[in-house]
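First up is the structure itself, then whatever we jot down about it.
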Amino acid sequence: MIKSCYIHIPFCNNICSYCDFPKIYNMEKYRSKYLDSLEKEIDSIYKGEILDTIYIGGGTPSCLDINELKRLFSIIKKLKVSDKIEFTIEGNFESTTKEKIDLYKEVGINRLSFGLESINKDNLLFLEREANKEDIIDKIKYCKEIGINNINIDLIYAIPNETIDILKEDIEFIKELNISHISTYSLIIEPHTKLSIRNTKSIDADVDSEMYEFICKELKSLGFNHYEISNFAKKGYESKHNTCYWDNKKYYGFGLGASSYIDNKRITNTRSINKYIDGIYRLEEEIINNHNEIEYEILLNLRKNTGISLINFKKKFKKNLLDLYNYKDLVDKGFLILKDDNLYIPESKWYVSNEIIVELLEGEY
Ligand code: SF4
């Protein structure tokens with residue numbers, strides 16, 4: 001049963017140097033046609049399930065003007081939701097006006113996710129982003145005043161020429177904001193981004209790992225629970241929507257470049273705005289057989305601090321996970337911990353989690 005839905009709004013007022021997401025310049029000529037096509041896509045696929053999470057991501061959804069946002073919410077209103085819905089919208093501070101925040105509150109949005117990335121001037125210049133401290137403090141204060149307390153900030157680290165002192169500046173600012181959730185990303189130079197075209201080199205791997213450790217230590221001292229490799233939350237504010245991905249559950253994904261996991265298919269939508277507007281939504285489909293599903297289960301579950309529940313695994317696949325893979329060597333080396341019902345990667349080894357997961361999957365009996 002599907003309980004989560006992602007909706008992608010691809011428009012951005014500015015294209016950041018590192019960006020690899022499905023996005024386009026915020027051109028008026030596309031926006032209304034895009035919303036028309038989004039509505040048709042939802043109408044043709046959604047089967048009326050009651051949803052526990054809706055996540056509007058981007059792009060920059062807050063780039064839509066107030067009337068376009070109202071139109072978007074009138075489309076989303078067709079989705080049935082439970083009374084415990086987690087309803088998130090992403091945005092940047094520049095385009096999230098108080099009028100839009102009021103609208104969010106009115107339509108039931110109860111979680112906001114802001115792309116801040118950094119407050120340091122050199123970092124912002126490098127990322128080709130803007131941020132104004134006073135404006136950010138004012139908007140966060142306003143969200144809280146009107147009762148939206150579940151707020152995430154995205155932070156990027158390991159930016160070339162960044163030092164631990166610069167990172168400290170970002171953490172200090174985040175501390176001042178007193179928010180409930182932080183998602184962190186080490187800067188990756190993805191192909192076809194402006195950074196890659198400019199031949200930018202990544203920061204040294206040792207510095208990257210030192211920064212990751214620093215973030216983990218600092219955020220934990222501020223009372224955040226490090227519940228997933230890249231995510232930190234105050235108690236009770238863990239993202240339910242993203243947890244659905246890490247729990248390998250099914251979900252809808254609507255919009256340009258969006259991904260879905262429906263029935264036994266992982267589907268990726270087109271990144272071409274013209275095709276999307278013409279109603280040619282799908283780019284590719286991966287059929288998930290039982291073996292693939294087990295691999296996804298391991299790969300995704302091991303991102304969480306709770307790892308894989310052996311009981312849930314047995315219920316779902318009618319097999320014992322421990323009979324399927326050679327986990328013992330990894331446990332002996334301290335890369336995996338087997339405790340009670342759970343098999344998980346200890347936080348001290350999360351930095352090398354990809355290598356651990358590959359080794360586990362390669363040790364299939
Ligand atoms: S990083 Fe976010 S805001 Fe920047 S261009 Fe990409 S989608 Fe838009």
Side-chain angles (χ1 to χ4, degrees), residues 6 8-31 33-34 56-64 90-95 113-132 153-167 169-170 183-212 215 229-230 253 255-259 266-278 280-284 286 351 354-355:
Y6 175 81
H8 192 78
I9 303 297
F11 306 105
C12 292
N13 287 334
N14 161 61
I15 303 299
C16 308
S17 61
Y18 57 95
C19 183
D20 181 41
F21 302 116
K23 80 291 175 182
I24 58 162
Y25 272 114
N26 190 13
M27 284 180 275
E28 201 176 347
K29 67 171 182 174
Y30 286 127
R31 296 201 304 254
K33 287 183 192 158
Y34 183 81
I56 308 171
T60 314
S62 54
C63 272
L64 295 179
E90 282 182 353
N92 61 18
F93 287 100
E94 302 91 275
S95 60
S113 179
F114 289 106
L116 168 66
E117 320 311 351
S118 175
I119 199 66
N120 174 270
K121 283 200 182 75
D122 293 333
N123 279 354
L124 289 168
L125 203 65
F126 181 87
L127 300 172
E128 297 182 33
R129 293 189 63 97
E130 289 177 11
N132 174 304
I153 293 271
D154 289 343
L155 168 78
I156 295 184
Y157 66 96
I159 297 165
N161 298 324
E162 186 175 13
T163 59
I164 289 280
D165 279 342
I166 293 176
L167 183 57
E169 188 186 326
D170 283 344
S183 298
T184 61
Y185 304 94
S186 158
L187 182 78
I188 295 173
I189 318 272
E190 301 281 4
H192 312 300
T193 58
K194 291 186 195 174
L195 291 182
S196 149
I197 292 163
R198 289 175 202 149
N199 249 329
T200 311
K201 297 282 166 272
S202 299
I203 209 163
D204 182 82
D206 290 341
V207 181
D208 187 317
S209 129
E210 192 191 337
M211 287 186 171
Y212 182 69
I215 291 170
I229 294 174
S230 307
L256 193 78
S259 310
R266 287 192 175 264
I267 300 157
T268 309
N269 274 0
T270 178
R271 282 185 167 221
S272 153
I273 186 74
N274 290 319
K275 282 191 181 161
Y276 188 83
I277 284 173
D278 285 345
I280 305 165
Y281 300 119
R282 291 192 179 176
L283 174 68
E284 57 193 16
E286 179 191 1
Y351 190 74
N354 285 345
E355 289 81 350

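Quick note: numbers below take in every heavy atom, side chains included, and nothing from hydrogens, waters or symmetry partners. Residue numbers count from 1 along this sequence.
- More than 12 heavy atoms of other residues, nucleotides or ligands shown are found within 6.0 angstrom of CG on D165.
- Here L167 contributes atom CG and I159 contributes atom CD1; the two are 9.0 Å apart, rounded to the nearest 0.5 Å.
- Taking the six-membered ring for Trp, Y276 and Y281 have ring centres closer than 6.0 Å.
- A salt bridge is defined here as a Lys NZ or Arg NE, NH1 or NH2 lying under 4.0 Å from an Asp or Glu carboxylate O, and E128 with R198 meets this definition.
- Between I156 atom CD1 and I188 atom CD1 the span is 10.0 Å, to the nearest 0.5 Å.
- Looking at residues two or more places apart in sequence or on another chain, you find a side-chain hydrogen bond (donor to acceptor under 3.5 Å, both in side chains) between D208 and S186, Y351.
- Judged purely by distance below 3.5 Å, without hydrogens or angles, the side chains of D170 and S118 pair a donor atom with an acceptor atom.
- With a 4.5 Å cut-off on side-chain heavy atoms, T60 and N14 do not count as touching.
- Of the possible polar contacts, one joining the T184 side chain to the S230 backbone as a donor-acceptor pair under 3.5 Å is found.
- Heavy-atom contacts from other residues, nucleotides or ligands closer than 6.0 Å to NZ of K275 number 12 or fewer.
- When atom types are taken as modelled, the side chain of N120 and the backbone of D122 share a donor-acceptor pair closer than 3.5 angstrom.
- Between the side chain of Y34 and the main chain of L256, a donor-acceptor pair closer than 3.5 Å is present.
- Side-chain N/O atoms of R31 and N26 include a donor and acceptor closer than 3.5 Å.
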